[in-house]
2 protein chains.
Amino acid sequence: MATADPERPGFLLPLLLLAGFRTLIDDLHAELAGQGHPDLRPVHGFVLQAVGVDGTTASELGQRLGVSKQAAGKTVDRLVALGYLERVDDPADARRKLVRMTEKGVDGLRRSAVLFDALRKRWAATLGEERVAAMEDDLRAVTPPNFFRLDVPGWFGG
Amino acid sequence: MATADPERPGFLLPLLLLAGFRTLIDDLHAELAGQGHPDLRPVHGFVLQAVGVDGTTASELGQRLGVSKQAAGKTVDRLVALGYLERVDDPADARRKLVRMTEKGVDGLRRSAVLFDALRKRWAATLGEERVAAMEDDLRAVTPPNFFRLDVPGWFGG
DNA sequence: CATGTTCGACAACCAGGTTTACGATTCCGA
DNA sequence: TCGGAATCGTAAACCTGGTTGTCGAACATG
């Protein structure tokens, strides 16, 4: 029950946010490993999500994820080695190399979307749908709108 | 406003949890850097918190943080180099080396506690105290109780 | 006293991030 | 049109934080 206690210390909130996040992510990847994707790490789901169905470039990916283009490029390297992404030359610009999901990448992203949805339903079964929805609304209200570059195309696109 | 929408996709929740956490942590360290602690990284606060006022050992610290004793030892090395922690021999057991906070470490931890509290009040001013308290209650309800080893002494002790 | 366990340390390695640099390509304005 | 500026991908060097494996020193116990 929510009690308005002014004595609640502030450090509980970040700790619980991190614990909630990691609980969700760890549960997801435990199930994902049993569905043919044992190599998918937590960060990879966000990367695949940011690549999107239309593909992107390493520089643009870095902007979406809020990291340097070099860091994005190295993560793309690993996901290419794992078979989740592929690089193709851009016929319109010889400097650019399009990063696209492979079939395996699409499969992994689709499965994680299904699992995330199931995990959210589990939270909703415990807390009630209204409480989960309220938590999402509240978190959205206190999060900078451009945090994960949710405004740029690619996120959840498709 | 919280609307009970069964069509809300599950992947929004982890993204918002992570964004909320990072928003809080980034805000904290931006202010902490201006108060004489520019070298404190996000993970350091949790380590100092886990060391506690009574001190601990590298092995025990690893258990509290859920990482290997080697990883805990390396992090202690860095915090010793930064002046936040110190190692002293345990007179009762020549194998053990007690890890204790220095004055600088106590100062950093005290300041972050004050800042976290202020940040929580900022959230409460935006959302209302009841909503923040409800979020904490809900997150606690869906988080494994031993996640950060909150049960062991050291966390928030003192 | 011999054996097993624990502690701290070291080495090697991996993932993910940074800054700096650079060649190749494209864009754009004088 | 052409030359400088900007962009793209890549590489190198480095840092942080994590892993596993090993090992000597120091306890604990039969």
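Labels below follow one simple rule: chain letters A, B, ... track the order of the sequence lines, proteins then strands, and each chain is numbered from 1. Side-chain atoms are counted along with the backbone in the values below, which use heavy atoms only and exclude waters and symmetry mates.
- Side-chain proximity of A/Gln70 to C/dG8, C/dT19, D/dG18: nearest is C/dT19.
- Distance CG (A/Asp26) to P (D/dG18): 14 Å, rounded to an integer number of Å.
- Atom CG in B/Leu61 sits about 17 Å away from atom C1' in C/dT6, given to the nearest Å.
- Within the structure, every side-chain polar atom (N or O) of A/Ser59 is placed at least 4.0 Å from both OP1 and OP2 of D/dT7.
- If you measure from atom CG of B/Leu40 to atom P of D/dG17, you get 11 Å, rounded to the nearest angstrom.
- Using a 4.0 Å cut-off, no side-chain N or O of B/Lys74 falls inside it from OP1 or OP2 of C/dA9.
- Rounded to a whole Å, the NZ atom of B/Lys97 is 8 Å from the C1' atom of C/dA9.
- With distances taken from any side-chain atom of A/Arg95 to the nucleotides C/dG16, C/dT5, C/dT25, the minimum falls on C/dT25.
- Taking 4.0 angstrom as the limit, A/Ser68 places a side-chain polar atom (N or O) nearer than this to OP1 or OP2 of C/dT18.
- A straight line from OH of A/Tyr84 to P of C/dA15 spans 14 Å, rounded to a whole angstrom.
- Here the side chain of B/Val67 is nearest to one of C/dT25, C/dG8, D/dT19, namely D/dT19.
- Applying the 6.0 Å contact sphere to CZ of A/Arg100 captures no more than 12 heavy atoms from other residues, nucleotides or ligands.
- When rounded to the nearest whole Å, the span between CZ of B/Phe46 and C1' of D/dG18 equals 17 Å.
- In this model, the phosphate group of D/dA26 is not approached by any side-chain N or O of B/Arg96 to a distance below 4.0 Å at OP1 or OP2.
- C/dT18 atom P lies 10 Å from atom CZ of B/Arg41, rounded to whole Å.
- Across the protein-nucleic acid pair, B/Asp77 atom CG and D/dC15 atom P stand 15 Å apart, rounded to whole Å.
- Counting heavy atoms from C-beta outward, A/Thr23 and B/Val142 have side chains that stay 4.5 Å or more apart.
- In this structure, B/Lys69 does not reach the D/dT19 phosphate: none of its side-chain N or O atoms is under 4.0 Å from OP1 or OP2.
- The phosphate of C/dA9 has OP1 or OP2 within less than 4.0 Å of a side-chain N or O from B/Arg87.
- Nucleic acid contact for B/Ala71: base, since at least one base atom lies under 4.0 Å from a heavy atom of the residue.
- Mapping B/Asp93 and B/His44 onto DNA chain D by nearest heavy atom places B/His44 closer to the 5' end of the strand.
- Comparing A/Ala92 and A/Ala72 along DNA chain C, the residue whose closest nucleotide (by nearest heavy atom) sits nearer the 5' end is A/Ala72.
- In this structure, A/Arg64 and A/Gln49 have side chains that are not in contact, with every pair of non-hydrogen atoms separated by 4.5 Å or more.
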- [ ] Show the numbers, then the answer: is there a salt bridge (charged side-chain N to carboxylate O under 4.0 Å, His left out) between A/Arg110 and A/Asp107?
- [x] CA-CA 5 Å; A/Arg110 189 178 53 75; A/Asp107 181 70; 3.1 Å; yes
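- Each of B/Lys104, B/His44, B/Arg41, B/Glu86 was checked for a side chain to side chain contact (heavy atoms under 4.5 Å, CB included) with B/Leu79, and the lone residue meeting it is B/His44.
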